[in-house]
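Remember, predicted model here, so these are calculated numbers, not experimental data. One is the number of the first residue; the rest follow in order along the sequence.
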Amino acid sequence: MPSKSSARLAALTVAAVCSAASTIVLTTPAHADAVRIHDIQGTTRTSPYAGRQVTDVTGIVTGIRTYGSSRGFWIQDPNPDADPATSEGVFVFTGSTPKGVAVGDSVTVSGTVSEYVPGGTTSGNQSLTEITKPTFTVLSSGNQLPAATAITATSVPAAYAPAGDTTANGSINALPLKPAKYALDRYESLEGMTVRVTDTRVVGATDPYTELWVTVKPHENRTRNGGTVYGSYDAQNTGRLQIQSLGPTADFPKANVGDTLAGTTAGPLDYNQFGGYTLVASELGTLESAGLKRETTTAQRSSELAVATYNVENLDPTDDTFAAHASAIVNNLKSPDIVSLEEIQDNNGAKNDGTVAADQTLKELIDAIVAAGGPKYDWRAIDPADGADGGEPGGNIRQAFLFNPERVSFTDRAGGDATTATGVTKIRGKAHLTLSPGRIAPADEAWKNSRKPLAGEFAFRGRTVFVIANHFNSKGGDQGLTSQYQPPARSSETQRHQQATLVNAFVKDILDTQKNADVIALGDINDFEFSRTTRLLEGRGELWSAIKSLPRGERYSYVYQGNSQVLDQILISPSIRRDCDFEYDSVHVNAEFHDQISDHDPQVLRFRP
């Protein structure tokens, strides 16, 4: 039990005051409880001292953060207790750059214990135990740092998290930590302590914010390229850990998936808004490249139709990525006959002035493809109503079709616009779209602030192929995997379920009209191949997600928080699937690379209609 006694400091203390001037004030601490760090951290996720004053908390300074909005330093008790559930480290939040303290100092700290939730309480994130409004005294300097605790494959359990307390809306905050049973409990029991990983493989490439992801479990659902496949809601890949740096960002390694941080990477274990438990490295391992190369698919035969989907990530005429996207389409995708593009922005991008046309954006991409040695594509798209389709404000993203008129023709039927729905009709026993290109049920609430599907009718070697380009509602607003609520809520999928149901109904209309029609629904589905969204889109056999034809270690188009996962899909009707006379390729050119031009990998389907 924590001591109820109090003590007065024999020396003046430095008060780290949160102010723009980073003022240093000499004062004496307020009367409060004298406790140890493990008392403050306790055996659950929230401190038993939350909201209370503590004094004379002793520890060795193990790291100092001098950047960002969360400035301060970590301290760790060199004399731990015997309880594996109680952390011996804690973050001291100063607000401004800490003055008068250095790594290796032995200090006493007084202040208020706080539970800070990165991203705010509505985010669902776990809280980080901190000492705020601190005053501290340096007792001595140059002390040996507490030994770093190793995070290894055997020290992190396979089970991810306990089920949340149903009496607390699924929160796990008040549950006793079981670090030998659950991975999230293991990481929480080390919060604020210095930890280390050794010879870890990168499973999430360095991003623009100088973060990367590694795994301490090298055999956990490994992909061919060295990533970690996310294949089930029940298997969260517990070996993943985010790495940041306490040092200059210029020195942070530019890593691709499959590379190794050789040697030791060590520092305090933090918790942040964008990834949860994070090793903030004061010591970084040496980057060893695995030599990852961008993939190239096989060119289609003359008798094969190649159809692709590619999210080009908010492409507009001000971007400098046109040549790179064109090279990917020509050289890596081998110039598919039809390309469904997602996130084509209007002609002035994010400038919010009512512009909705995207002809300049598409022309610039087509010209770049020609310059890269590809075909002179034609295009079809429908301009959205201004501000009605979500995405970056002012950008007016939409789907668009590119098609090679030397290989395939587009069947135009006038009348399609932002608000008019296309339908299905029968002509001489065959299914046809009433509008081509046209949008599917654009007035339905399922598409509120979201991209409406674009349907088009193509002809290849005398056979009609219906293609539906999709960009479903994003996962924004969902709780993170490390949420305090377990299992985390996926509120965004409600709208995707409605969208999938509508698209499936449209496909069913086509197949009810012509049973053997070739139908392809593709795009950024923003959900996994095992999700209910995909099952609703597939329906009762109207469609099938062809990425499931790949080996499990190849099923991914996107890497998020070290999980290689499926967001982009191509779904096919029974006439295409029936004879298994198709080839599917997830062409990994972006998601695993630190110098990506989009965060999505394109997908290609080749088949004989």
Side-chain angles (χ1 to χ4, degrees), residues 292-302 304-351 355-383 392 395-410 437 454 456 458 460 467 469 471 522-524 557 568 585-606:
L292 184 66
K293 302 295 184 184
R294 286 177 162 84
E295 295 181 359
T296 298
T297 195
T298 301
Q300 66 271 30
R301 298 180 179 90
S302 61
E304 292 179 322
L305 180 68
V307 183
T309 177
Y310 188 17
N311 184 320
V312 290
E313 195 173 6
N314 290 324
L315 189 66
D316 75 76
T318 67
D319 293 333
D320 61 0
T321 56
F322 282 92
H325 283 305
S327 178
I329 290 170
V330 174
N331 298 312
N332 300 93
L333 304 188
K334 296 300 182 181
S335 301
D337 301 308
I338 302 170
V339 184
S340 167
L341 298 170
E342 297 86 50
E343 294 198 19
I344 290 289
Q345 289 199 341
D346 62 35
N347 290 334
N348 60 16
K351 185 177 181 181
T355 299
V356 295
D359 56 311
Q360 295 174 28
T361 307
L362 289 161
K363 181 180 183 301
E364 189 163 344
L365 179 58
I366 289 169
D367 289 347
I369 290 171
V370 172
K376 179 72 173 181
Y377 282 106
D378 201 349
W379 65 272
R380 296 291 187 275
I382 292 177
D383 295 333
E392 186 178 22
N396 290 310
I397 57 175
R398 84 289 309 274
Q399 298 89 266
F401 292 126
L402 297 185
F403 62 96
N404 181 358
E406 298 296 321
R407 293 265 302 160
V408 66
S409 61
F410 190 87
L454 179 70
F458 294 84
F460 176 73
V467 182
H471 187 183
L522 76 177
D524 181 359
S557 68
D568 308 83
D585 197 356
S586 183
V587 188
H588 304 305
V589 297
N590 285 319
E592 298 172 303
F593 295 86
H594 74 271
D595 56 349
Q596 58 188 227
I597 54 173
S598 168
D599 46 1
H600 294 254
D601 285 332
Q603 313 290 294
V604 177
L605 174 80
R606 294 180 293 273

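- Contact check for K376 versus I366: side-chain heavy atoms found under the 4.5 Å cut-off.
- Interatomic distance, CG of L605 versus OG1 of T297, reported as 10.0 Å (0.5 Å rounding).
- More than 12 heavy atoms of other shown residues, nucleotides or ligands fall within 6.0 angstrom of atom CD in E392.
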Practice task
Could you check D383 against R398 for side chain to side chain contact (heavy atoms under 4.5 Å, CB included), going step by step and ending with a plain yes or no?
Solution key: CA-CA 7 Å; D383 295 333; R398 84 289 309 274; 3.0 Å; yes
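- By the 4.5 Å heavy-atom criterion applied to side chains, E592 and L292 are counted as neighbours.
- In this structure, the separation between OH on Y310 and CG on L341 is 9.0 Å, given to the nearest 0.5 Å.
- Partners of K351 under the side-chain contact (heavy atoms from CB on, under 4.5 Å) rule, at least two apart in sequence or in another chain, are N348, D353.
- Of all heavy-atom pairs between G374 and S335, the closest is CA-OG, 4.2 Å.
- In this structure, D568 CG and E342 CD are separated by 6.5 Å, a value rounded to the nearest 0.5 Å.
- For the ring pair (Phe, Tyr, Trp, His ring centres under 6.0 Å) test, residues two or more places apart in sequence or in another chain that qualify with F410 are F403, F458.
- Note that OG of S340 is 11.5 Å distant from CD of Q603, once rounded to the nearest 0.5 Å.
- The one candidate from T361, D359, D367 that meets the side chain to side chain donor-acceptor pair (under 3.5 Å) condition with K363 is D367.
- Residues D599 and N590 fail the side-chain proximity criterion, which asks for heavy atoms closer than 4.5 Å.
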